[in-house]
Protein chains: 2
Amino acid sequence: MANGRAHTWQDIHERIKRNIINLTWPPGELIPGEVELAQEYGCARTTVNRALRELAATGVVDRKRKAGTRVAKQKTRQVRAEIPVIRTQVEAQGAAYRFQLLENKIKQPSKAIAKTLNIKASEVALHIRSIHYADELPFIYEDRWINVKTIPKIKQVDLAQTSANEWLVQHVPFTSGEFVIQAQNTNKKLAMALGLSVDEAILTSTRTTWLESKSVTTVTLKYSPGYQMHFEI
Amino acid sequence: MANGRAHTWQDIHERIKRNIINLTWPPGELIPGEVELAQEYGCARTTVNRALRELAATGVVDRKRKAGTRVAKQKTRQVRAEIPVIRTQVEAQGAAYRFQLLENKIKQPSKAIAKTLNIKASEVALHIRSIHYADELPFIYEDRWINVKTIPKIKQVDLAQTSANEWLVQHVPFTSGEFVIQAQNTNKKLAMALGLSVDEAILTSTRTTWLESKSVTTVTLKYSPGYQMHFEI
DNA sequence: CATAATATTATGTGCATACATAATAAGAGT
DNA sequence: ACTCTTATTATGTATGCACATAATATTATG
């Protein structure tokens with residue numbers, strides 16, 4: 001080794017990151033090329049490439065052919081979270097999980113839902129509403145529409161036994177999706193269902209998933225007040 | 001090529017993904033080993049490895065040495081979002097950006113803040129409060145504490161000129177951080193400051209960042225009602 | 001001087017090979 | 001059966017090399 005220690009890509013990654021953190025290479029700075037770094041660290045260019053690729057993936061550096069690699073000016077910061085199945089989430093808190101199916105009916109959706117699922121206004125979809133409990137306390141209110149044309153098999157599933165959430169995650173893959181979070185006030189109906197007072201602030205997430213060009217499902221989850229969603233940076 | 005078309009890692013990635021999506025390899029299934037796939041696709045094992053590594057990174061497959069690669073069963077779904085600097089976010093909507101500095105004072109923080117920043121209760125920190133406007137409408141209320149022991153330079157910065165948000169992002173790297181989202185009701189003070197009525201539901205994000213073992217800053221942003229945070233899946 | 005054609009260059013990728021490592025399976029010994 | 005030891009194996013990674021590709025720099029051309 002031309003310069004200390006091991007030369008795994010993780011190690012090279014670590015060293016480069018250190019140079020960025022301690023401002024040896026400040027934001028915007030052009031850092032040495034792969035060949036030079038390989039010489040410096042006494043490893044192959046492939047290894048440096050791997051390290052830099054990972055740094056680029058997490059947004060620490062920007063890379064461009066011919067132009068080289070420079071430290072990102074960090075205009076944006078990426079946050080990430082793993083959204084587990086509701087049951088897992090409840091059980092991870094050490095609470096007992098139970099869910100109650102409020103509705104399970106194939107019917108004509110509202111115009112807004114039809115548009116979201118990209119189906120004709122005259123077509124039908126499966127509407128599911130349920131409440132998920134943690135230790136018998138309402139935890140999440142679920143309002144879901146499933147495109148039965150995309151997932152015809154869903155009609156044979158006993159959704160009182162296995163929650164739609166869980167069944168879909170385990171049986172239906174998707175190719176793309178969107179996830180939106182917002183804060184909403186409880187209305188009278190929801191407050192009643194979850195045992196809350198009216199106008200409490202609750203966190204709402206809406207997820208829509210697609211299998212190639214066909215919509216799979218769109219679901220809105222309303223979390224009980226005080227719920228925190230954690231992300232990593 | 002032993003089997004059609006090109007053999008870039010993206011191509012192999014695509015093919016394997018297709019086999020997973022069309023349930024040729026259903027969830028939980030053990031998929032062929034790298035060597036076998038390499039033969040099947042007529043490419044080097046390195047290339048298959050790269051493709052599978054990417055699929056593992058996005059949670060589509062689980063890999064274990066000796067055990068092999070299997071299609072992920074409980075797909076805890078990963079969501080990602082890029083959180084831009086507030087000014088960029090406002091300007092991206094085509095709105096004019098302005099911010100107002102309400103407070104900029106070094107003082108003793110509350111016990112909760114001191115704990116978050118991991119400083120002694122007797123120590124001081126820089127407290128900043130400001131409102132960010134989009135086209136003269138209050139968009140975000142910012143409440144920030146900065147660990148001046150970690151970032152002493154901040155004391156020389158004119159934070160009425162450049163927002164703390166922007167200055168920190170451009171000048172201070174961090175090694176780890178946490179990002180928490182929740183829904184809150186507006187209290188009287190906040191409602192007044194943002195021109196809202198009391199008890200409206202607003203989205204709140206709290207971000208705390210660290211430089212190695214030292215805290216950098218903790219900031220709570222309160223978004224105006226109706227704000228939606230979008231994520232990719 | 002502006003613009004188009006061409007050369008240069010840093011990153012991006014594919015491949016063959018070798019060896020490392022973690023997880024599992026098989027076997028030895030009790 | 002049980003535990004401990006020893007193979008076996010699929011993934012993980014490092015390396016050298018060759019060539020591809022996108023950006024940029026340079027030169028040619030009107």
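Given the structure is predicted, the values throughout are model-derived calculations rather than measurements. To find a chain, count down the sequence lines: A is the first, B the second, and so on, and within it residues start at 1.
- Atom CG of B:Leu30 and atom C1' of D:dT9 are 12 Å apart (whole Å).
- B:Arg50 has its side chain out of reach of B:Thr46: every pair of non-hydrogen atoms, C-beta onward, lies at least 4.5 Å apart.
- As rounded to whole Å, 17 Å separates atom P of C:dT11 from atom CZ of A:Arg50.
- An OP1 or OP2 oxygen of D:dT11 is reached within less than 4.0 angstrom by no side-chain nitrogen or oxygen of B:Asn49.
- Taking atom CG on A:Leu37 and atom C1' on D:dA14, their separation rounds to 17 Å, with Å as the unit.
- At a threshold of 4.0 angstrom between heavy atoms, the contacts of A:Thr47 are confined to the sugar-phosphate backbone, with no base atom among them.
- No salt bridge links A:Glu29 with A:Arg70; every basic N to acidic carboxylate O contact stays at or beyond 4.0 Å.
- Within 6.0 Å of CD on A:Glu232 lie no more than 12 heavy atoms contributed by other residues, nucleotides or ligands.
- Taking only side-chain atoms of B:Thr8, from C-beta outward, the nucleotide of C:dG14, D:dG12, D:dT8 with the closest atom is C:dG14.
- Under the 4.0 Å criterion applied to side-chain N and carboxylate O atoms, B:Arg207 and B:Glu178 are not assigned as salt-bridge partners.
- Counting to the nearest Å, the C1' atom of D:dA10 and the CZ atom of B:Arg70 are 13 Å from each other.
- Checked by atom type, the side-chain pair A:Gln182/A:Thr204 shows no donor-acceptor distance below 3.5 Å.
- Contact annotation for B:Arg53: no contact, since no heavy-atom pair falls under 4.0 Å across all strands.
- Contact annotation: A:Thr69 reaches the phosphate of C:dT11 (side-chain N/O to OP1 or OP2, under 4.0 Å).
- Taking atom CD of residue B:Glu34 and atom C1' of nucleotide C:dC15, one finds them 14 Å apart after rounding to whole Å.
- With hydrogens and angles left out, the side-chain atoms of B:His132 and B:Asn165 include no donor and acceptor closer than 3.5 Å.
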Using the ring pair (Phe, Tyr, Trp, His ring centres under 6.0 Å) rule, take A:Phe139 and A:Tyr227 through it: C-alpha gap first, then chi angles, then the decisive distance, then the call.
-> CA-CA 9 Å; A:Phe139 177 54; A:Tyr227 178 75; 5.8 Å; yes
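- Looking only at side-chain heavy atoms (C-beta outward), B:Thr217 and B:Thr208 stay at 4.5 Å or farther from each other.
- Atom P of nucleotide D:dT11 and atom CD1 of B:Ile31 are separated by 8 Å, given to the nearest angstrom.
- Between C:dT13 and B:Gln10, a contact under 4.0 Å exists linking OP1 or OP2 to a side-chain N or O.
- For the pair B:Glu54 CD and D:dG12 P, the interatomic distance rounds to 12 Å; values are reported in whole Å.
- C:dA2: Watson-Crick or G-U partner is D:dT29, with both key distances under 3.5 Å.
- OP1 and OP2 of D:dT13 both lie 4.0 Å or more from every side-chain N or O belonging to A:His7.
- Across D:dT24, D:dC17, D:dT13, the shortest atom-to-atom separation from the side chain of A:Thr46 is found for D:dC17.
- If you check C:dA18, C:dG14, D:dA23 against the side chain of B:Arg45, the one that comes closest is C:dA18.
- Sorted by residue number, the members of residues 56-64 of chain A with any non-hydrogen atom under 4.0 Å from DNA chain C read A:Arg63, A:Lys64.
- Protein atom CG of A:Leu55 is 13 Å distant from nucleotide atom P of C:dT11, rounded to whole Å.
- Distances shorter than 4.0 Å separate none of the side-chain N or O atoms of A:Arg65 from OP1 or OP2 on D:dT24.
- Annotation: of the two residues near DNA chain D, A:Trp9 and B:Lys66, the 5′-most nearest-nucleotide partner is B:Lys66.
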